Amino acid sequence: MAPSFLSFVSLYGIYLRRCFATSGLTSQFIDIDDHTTIHLWAPNPDHQTPQQQKPALLLLHGFGPSAMWQWRRQAQFFSPHFHVYVPDLVFFGDSTTKSKERSEVFQAVSMGKLMEKLQVKKYHVMGTSYGGFVAYHMAKLWPEKVEKVVIASSGVNMRKADNMELLQRANVENVEEIMLPETATQLRTLTRLAISRRFTMVPDFFWKDVVNQLYSENRNEKLQLLKGITLLAGDDSCKLPPLQQDVLIVWGDKDQIFPLKMAHELKEYAHCTLGFELIGKKTRLEIIQNTSHVPQIENSTQFNNIVKNFLCWSS
């Protein structure tokens with residue numbers, strides 16, 4: 001591994017932290033119970049006044065680097081309009097637990113406890129990819145607290161057949177080879193699936209730096225998280241009542257992790273493999289052209305405006 005002063009990833013991480021700080025967010029650690037500590041970027045409670053009351057927005061990142069690498073442009077854009085909360089999910093970034101739980105339901109419960117500890121009574125939730133799974137469960141568990149839901153590039157309707165098709169597109173045998181790359185070649189594969197642009201001229205030492213800096217920590221625990229996803233297992237969570245909230249689905253038209261057909265199925269049919277309704281009828285789908293699995297990064301301007309209009313529109 002290159003020394004941090006020679007690492008582009010380390011230097012860019014410093015820039016990201018400054019972006020969050022200049023957006024009015026501070027790095028905080030919250031013990032949500034005796035077992036779990038969550039790191040997040042959030043408004044400084046000492047600097048808030050009654051005149052600064054704004055709606056709350058919780059941003060839940062996908063499988064991969066920590067939250068600040070995935071939500072920088074959203075933190076900057078939404079902070080003037082919302083109290084923005086950007087946590088690292090458990091085992092990502094600096095969030096840790098002694099619990100043996102590894103499902104996205106556990107992540108949802110942890111995020112719910114976090115918002116309770118922060119004394120945020122009502123909030124919107126936006127989750128991308130794996131974070132969309134967590135947002136979905138939060139909306140189910142606390143319909144009285146979660147107001148509106150944004151599911152971005154997140155196949156909450158994913159079936160085992162969809163998982164097999166993903167492995168075929170990536171030409172790998174196991175999903176961890178995609179979601180938890182250990183080599184430059186594996187990271188190139190993930191990038192090809194997740195981003196519409198091509199990076200053919202990027203040298204291997206850069207990809208290795210990214211793998212070492214952003215994908216090496218808590219690898220065993222993250223493997224357990226992948227295996228612990230209950231939605232993919234098709235369990236009885238689908239039997240819960242459908243989401244009561246207004247839901248916005250945002251997708252990139254070139255997504256190869258969760259292809260666009262899954263977004264249409266989620267919007268039009270809203271049913272899981274057992275035939276139970278997943279998200280209800282108050283659902284809107286927005287497709288962002290020429291983007292893949294991370295439209296919030298590839299076309300942040302359009303993405304942010306779509307989400308803002310949805311959140312600010314009175315139903």
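The shown structure was predicted, so the numbers you read here are calculated from the model rather than taken from an experiment.
A cation-pi contact, defined as under 6.0 Å to the ring centre and within 45° of the axis, is absent between K145 and Y123.
A donor-acceptor contact shorter than 3.5 Å links the side chain of S79 to the backbone of A75. Using a distance-only test at 3.5 Å, with no hydrogens or angles considered, a donor-acceptor pair links the side chain of Q28 to the main chain of A42. In this structure, T128 contributes its side chain and G131 its backbone to no donor-acceptor pair below 3.5 Å. S154 places a side-chain N or O within 3.5 Å of a backbone atom of S129 that can act as its donor or acceptor partner. Here the side chain of S292 pairs a donor or acceptor atom with the backbone of L193 at under 3.5 angstrom. The backbone N or O of N174 sits less than 3.5 Å from a side-chain atom of E177, completing a donor-acceptor pair. Side-chain atoms of S23 never come within 3.5 Å of backbone atoms of L25 as a donor-acceptor pair (strictly under, hydrogens ignored). Q70 contributes a side-chain N or O that, together with a main-chain N or O of P65, makes up a donor-acceptor pair within less than 3.5 Å. A donor-acceptor contact shorter than 3.5 Å is absent between the side chain of D246 and the backbone of T283. Using a distance-only test at 3.5 Å, with no hydrogens or angles considered, no donor-acceptor pair links the side chain of T36 to the main chain of I32.
For the salt bridge (charged side-chain N to carboxylate O under 4.0 Å, His left out) test, no residue two or more places apart in sequence or in another chain qualifies with E147. In this structure, K227 has no salt bridge (charged side-chain N to carboxylate O under 4.0 Å, His left out) partners at least two apart in sequence or on a different chain. For E182, the salt bridge (charged side-chain N to carboxylate O under 4.0 Å, His left out) partners are R219, not counting sequence neighbours.
Between I257 atom CD1 and D162 atom CG the span is 12.5 Å, to the nearest 0.5 Å. How far CD1 of I288 is from CG of D255: 11.5 Å, rounded to the nearest 0.5 Å. Rounding to the nearest 0.5 angstrom, the gap separating the OG1 atom in T37 from the CG atom in D88 is 12.5 Å. Within the model, atoms CD1 of I249 and OG of S153 stand 11.0 Å from one another, a figure rounded to the nearest 0.5 Å. With values rounded to the nearest 0.5 angstrom, L260 atom CG is found 7.0 Å from L285 atom CG. Rounded to the nearest 0.5 Å, atoms CD (E176) and CD (Q186) are 9.0 Å apart.
Side-chain heavy atoms closer than 4.5 Å link hydrophobic residues (I, L, V, M, F, W, Y) into clusters, and following such links, even through other members, never connects M111 to F29. Cluster membership for F258 and L167, using ILVMFWY side-chain heavy atoms within less than 4.5 angstrom, is shared.
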Q) Should H264 and W251 be marked as a side chain to side chain contact (heavy atoms under 4.5 Å, CB included) after you check the CA-CA gap, both sets of side-chain angles, and the distance that decides it? A) CA-CA 10 Å; H264 288 292; W251 227 272; over 6 Å; no
Q. Stepwise, does the side chain to side chain contact (heavy atoms under 4.5 Å, CB included) test hold for S27 with W41?
A. CA-CA 5 Å; S27 176; W41 291 90; 4.0 Å; yes
Q.
Please determine whether side chain to side chain donor-acceptor pair (under 3.5 Å) holds for the pair E104 and T230, giving the CA-CA distance in whole Å, both sets of side-chain angles, and the decisive distance to 0.1 Å.
A. CA-CA 7 Å; E104 80 278 18; T230 62; 2.7 Å; yes
Q: Would you sort out whether L180 and L223 count as a side chain to side chain contact (heavy atoms under 4.5 Å, CB included), showing the intermediate values?
A: CA-CA 8 Å; L180 287 173; L223 283 170; 3.7 Å; yes
Q. Which is it for V150 and L311 under the side chain to side chain contact (heavy atoms under 4.5 Å, CB included) test, yes or no, and what are the steps along the way?
A. CA-CA 9 Å; V150 180; L311 295 179; 4.3 Å; yes
Q: Might you work through the ring pair (Phe, Tyr, Trp, His ring centres under 6.0 Å) test for F63 and F92, ending with a clear yes or no?
A: CA-CA 8 Å; F63 220 92; F92 296 87; 5.1 Å; yes
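Shown here for Y215 and P181, the closest heavy-atom pair between the two residues is CD2-CD, 3.6 Å. Taking both residues in full, the closest heavy atoms of L59 and P87 are given as O-CD, 3.2 Å, listed atom of the first, atom of the second, then distance. In this structure, K208 and A184 approach most closely via the heavy-atom pair CG-CB, 4.2 Å. Taking all atoms of both residues into account, the shortest heavy-atom contact from H137 to A108 is CB-CB, 3.7 Å. Looking at every heavy atom in both residues, F8 comes nearest to D209 through N-OD2, 3.5 Å. The shortest heavy-atom contact between F310 and V149 is CE2-O, 3.7 Å.
When the shell of 6.0 Å around CZ of R198 is examined, it contains more than 12 heavy atoms from other residues, nucleotides or ligands. The environment of E165 atom CD is dense: over 12 non-hydrogen atoms of other residues, nucleotides or ligands sit within 6.0 angstrom. Taking a 6.0 Å sphere around NE2 of H81, one finds it holds more than 12 heavy atoms contributed by other residues, nucleotides or ligands. A 6.0 Å sphere centred on CD of E217 holds no more than 12 heavy atoms belonging to other residues, nucleotides or ligands. Environment of CD in E144: crowded, with over 12 heavy atoms of neighbouring residues, nucleotides or ligands closer than 6.0 Å.
In this structure, the side chains of Y130 and L225 come closer than 4.5 Å at one or more pairs of heavy atoms. When side chains are defined from C-beta on, R159 counts as touching E265, because their heavy atoms get closer than 4.5 Å. The shortest distance between side-chain heavy atoms of F91 and S95 does not fall below 4.5 Å. F106 is listed as a side-chain neighbour of S99, based on a closest heavy-atom distance under 4.5 Å. For the pair W207/F199, a side-chain contact is recorded, criterion being any heavy-atom separation below 4.5 Å from C-beta on. Residues I38 and L89 have side chains not in contact (no heavy-atom distance under 4.5 Å, counting atoms from C-beta outward). Residues H124 and L58 form no side-chain contact, since every pair of their non-hydrogen atoms from C-beta on lies 4.5 Å or further apart. S66 is not listed as a side-chain neighbour of H61, based on a closest heavy-atom distance of 4.5 Å or more.
Here the two rings, on W69 and Y12, have centers that are under 6.0 Å apart.
Between the side chains of N305 and Q302, not a single donor N or O lies within less than 3.5 Å of an accepting N or O.
Residue S196 forms a side chain to side chain donor-acceptor pair (under 3.5 Å) with just one option from K254, E298, Q289, and that option is E298.
Using bins of under 30°, 30° to 60° and over 60° for the plane-to-plane angle, the ring pair F82/F78 lands in the perpendicular bin.
In this structure, D204 pairs ionically with R188, as a charged nitrogen and a carboxylate oxygen lie closer than 4.0 Å.
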